[in-house]
Amino acid sequence: MDRSEALQRSYDRVTPEYAARFFDELAHKPLDRALLDSFAEQVPRSGPVADVGCGPGQIGRYLWGRGLDVVGVDLSPAMVAQAAQLTPEIPFRQGNMLALDVPDGAWAGIVAFYSAIHLAPAELPRGLGEFYRVLQPGGLLLLSFHIGTEPVHLDEWWGYAVDLDFYFYDRATVEAALAGAGFTLAAYVERPPYAPLEHPTRRMYLLARKPLNSPRRNEGREDY
C-alpha cells in the first residue's frame with residue numbers, strides 16, 4: 001500500500017470520531033478565529049477560497065460564515081461525505097494537495113490548517129508549488145503546522161488501526177519552501193497548544209501571498 005492510499009484509508013476509518021472531536025474546535029481557539037478573520041478580511045473577492053485538507057469542514061464553515069465563497073478538498077472520501085453532510089452549503093470534493101484538479105489561478109485563497117503535516121520534507125516544496133499554481137496573482141495562503149523536527153508515526157488512533165505519518169517543521173524550513181515556490185511572506189504567528197485540548201506541540205501560522213506580477217510557473221503534476 002502506498003502512502004497516499006494508507007493516508008486515505010486511515011482518515012476514512014477515523015472520520016466519525018475525528019468529526020466529533022474537531023468540528024467544534026474553533027469555539028475553544030480564539031487566536032485561530034482571529035487569524036481566520038484577518039484572512040477573510042484580506043483575501044481577494046475575485047474567486048473561491050479553498051479549505052485544503054478540510055476534514056469535516058470546520059475551517060471552511062467558519063470562513064463561509066464570514067461571507068467567503070468556499071470550496072473544500074480532502075483526500076479522504078469519508079471526510080468529504082462527512083463535511084458535505086455537516087455543511088451542505090459548501091461544495092466539498094475529494095482531491096490531492098500535490099495534484100489539485102483545478103486550473104492555474106482558480107482560487108483567490110487557500111487555507112491549509114494542519115494538512116501539510118502529511119507532506120514529507122521531500123514533498124513539501126512540490127506541495128507549496130501546487131498551492132502557488134492554483135492561486136490567482138495576489139491570492140493569499142494561510143498555512144498552519146506543528147513546530148518540531150522529528151516525524152511521528154501512528155499505528156493506532158482512538159482505537160482504530162491506522163498507518164499515518166505526521167511531519168513537524170521549523171519555521172525557517174517552511175518559509176524557505178514558500179519562498180522557493182514564489183510566495184512572499186506577509187506574517188507569522190506562533191502559539192503554545194491549547195491545553196489539554198491539543199497535542200502538546202507549539203503551533204506556527206504563516207500568511208503568504210502570491211505576488212500580483214507573478215510569472216506563470218510550470219509545476220509538476222505527480223500523483224500523491
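Positions are given from 1, in the same order as the sequence printed here. Please read these numbers as outputs of a predicted model, since none were measured by experiment. Heavy-atom basis, side chains included; hydrogens, waters and symmetry copies ignored.
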How far does [atom1] of [X] sit from [atom2] of [Y], to the nearest 0.5 angstrom?
{"X": "Arg33", "Y": "Ile59", "atom1": "CZ", "atom2": "CD1", "result": "11.0 Å"}
{"X": "Asp12", "Y": "Tyr160", "atom1": "CG", "atom2": "OH", "result": "12.0 Å"}
{"X": "Leu63", "Y": "Leu142", "atom1": "CG", "atom2": "CG", "result": "8.5 Å"}
{"X": "Leu124", "Y": "Ile117", "atom1": "CG", "atom2": "CD1", "result": "12.0 Å"}

| Side-chain donor-acceptor pair under 3.5 Å between Tyr194 and Arg203, yes or no? |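 No pair is found: no donor N or O on one side chain lies under 3.5 Å from an acceptor on the other.
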Any donor-acceptor pair under 3.5 Å linking the side chain of [X] with the backbone of [Y]?
{"X": "Gln82", "Y": "Ala19", "result": "no"}
{"X": "Asp74", "Y": "Cys54", "result": "yes"}
{"X": "Glu130", "Y": "Leu100", "result": "yes"}
{"X": "Ser38", "Y": "Ala34", "result": "no"}
{"X": "Lys210", "Y": "Gln136", "result": "no"}
{"X": "Arg13", "Y": "Ala161", "result": "yes"}
{"X": "Ser76", "Y": "Met79", "result": "yes"}
{"X": "Arg9", "Y": "Leu7", "result": "no"}
{"X": "Arg209", "Y": "Gly138", "result": "yes"}

| said: Using the rule that Ile, Leu, Val, Met, Phe, Trp and Tyr join whenever any side-chain heavy atoms are under 4.5 Å apart, tell me whether Leu197 and Phe22 fall into a single cluster. | reply: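 Shared cluster, no.
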How about [X] and [Y]: do any of their side-chain heavy atoms sit closer than 4.5 Å?
{"X": "Leu141", "Y": "Leu178", "value": "yes"}
{"X": "Tyr205", "Y": "Phe113", "value": "yes"}
{"X": "Gln58", "Y": "Pro56", "value": "yes"}
{"X": "Leu35", "Y": "Val189", "value": "yes"}
{"X": "Pro211", "Y": "Thr184", "value": "yes"}
{"X": "Val71", "Y": "Val102", "value": "no"}
{"X": "Val174", "Y": "Met204", "value": "no"}
{"X": "Arg61", "Y": "Leu26", "value": "no"}

| request: Evaluate the side chain to side chain contact (heavy atoms under 4.5 Å, CB included) criterion for residues Glu175 and Leu206: first the C-alpha distance (whole Å), next the side-chain angles of each, then the deciding distance (0.1 Å), finally the verdict. | output: CA-CA 8 Å; Glu175 283 188 7; Leu206 300 178; 4.1 Å; yes
| field | Under-4.0 Å salt bridge between Arg191 and Asp32 | value |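 A salt bridge links Arg191 with Asp32.
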| field | Ion pair Glu123/Arg126, N-O distance below 4.0 Å | value |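 Salt bridge absent between Glu123 and Arg126.
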| query | Is the Tyr169 ring parallel, tilted or perpendicular to the Phe145 ring (thresholds 30°, 60°)? | reply |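 Perpendicular: the ring planes of Tyr169 and Phe145 meet at over 60°.
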| request: Could you check whether the rings of Tyr114 and His146 sit parallel, tilted or perpendicular, using 30° and 60° as the cut-offs? | output: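 Correct class here is tilted.
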| said: Check for me whether the distance between the ring centres of Tyr167 and His118 falls short of 6.0 Å. | reply: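 No, they do not, as the ring centres are separated by 6.0 Å or more.
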Tell me the closest heavy-atom pair linking [X] and [Y], and the distance in Å.
{"X": "Leu207", "Y": "Leu185", "answer": "O-CD1, 3.5 Å"}
{"X": "Ala40", "Y": "Arg66", "answer": "CB-CB, 4.1 Å"}
{"X": "Leu75", "Y": "Ser4", "answer": "CD2-O, 3.7 Å"}
{"X": "Pro48", "Y": "Ala106", "answer": "CD-O, 3.6 Å"}
{"X": "Val49", "Y": "Leu68", "answer": "CG2-CD1, 4.1 Å"}
{"X": "Gly127", "Y": "Leu119", "answer": "CA-CD1, 4.1 Å"}

| Which is it for Asp163 and Arg3 under the side chain to side chain contact (heavy atoms under 4.5 Å, CB included) test, yes or no, and what are the steps along the way? | CA-CA 9 Å; Asp163 181 6; Arg3 287 188 61 253; over 6 Å; no
| request: Step by step, work out the side chain to side chain contact (heavy atoms under 4.5 Å, CB included) result for His199 and Phe166. | output: CA-CA 12 Å; His199 186 76; Phe166 300 85; over 6 Å; no
| task | Kindly give the cluster partners of Phe23, where membership spreads through any ILVMFWY side chain lying under 4.5 Å from a current member. | result |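 Under the 4.5 Å side-chain rule, Phe23 groups with Leu86.
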| request: Using a cut-off of 6.0 Å, state whether more than 12 heavy atoms not belonging to Glu89 lie near its atom CD. | output: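 Yes, CD of Glu89 has more than 12 neighbouring heavy atoms, counting only those of other groups under 6.0 Å.
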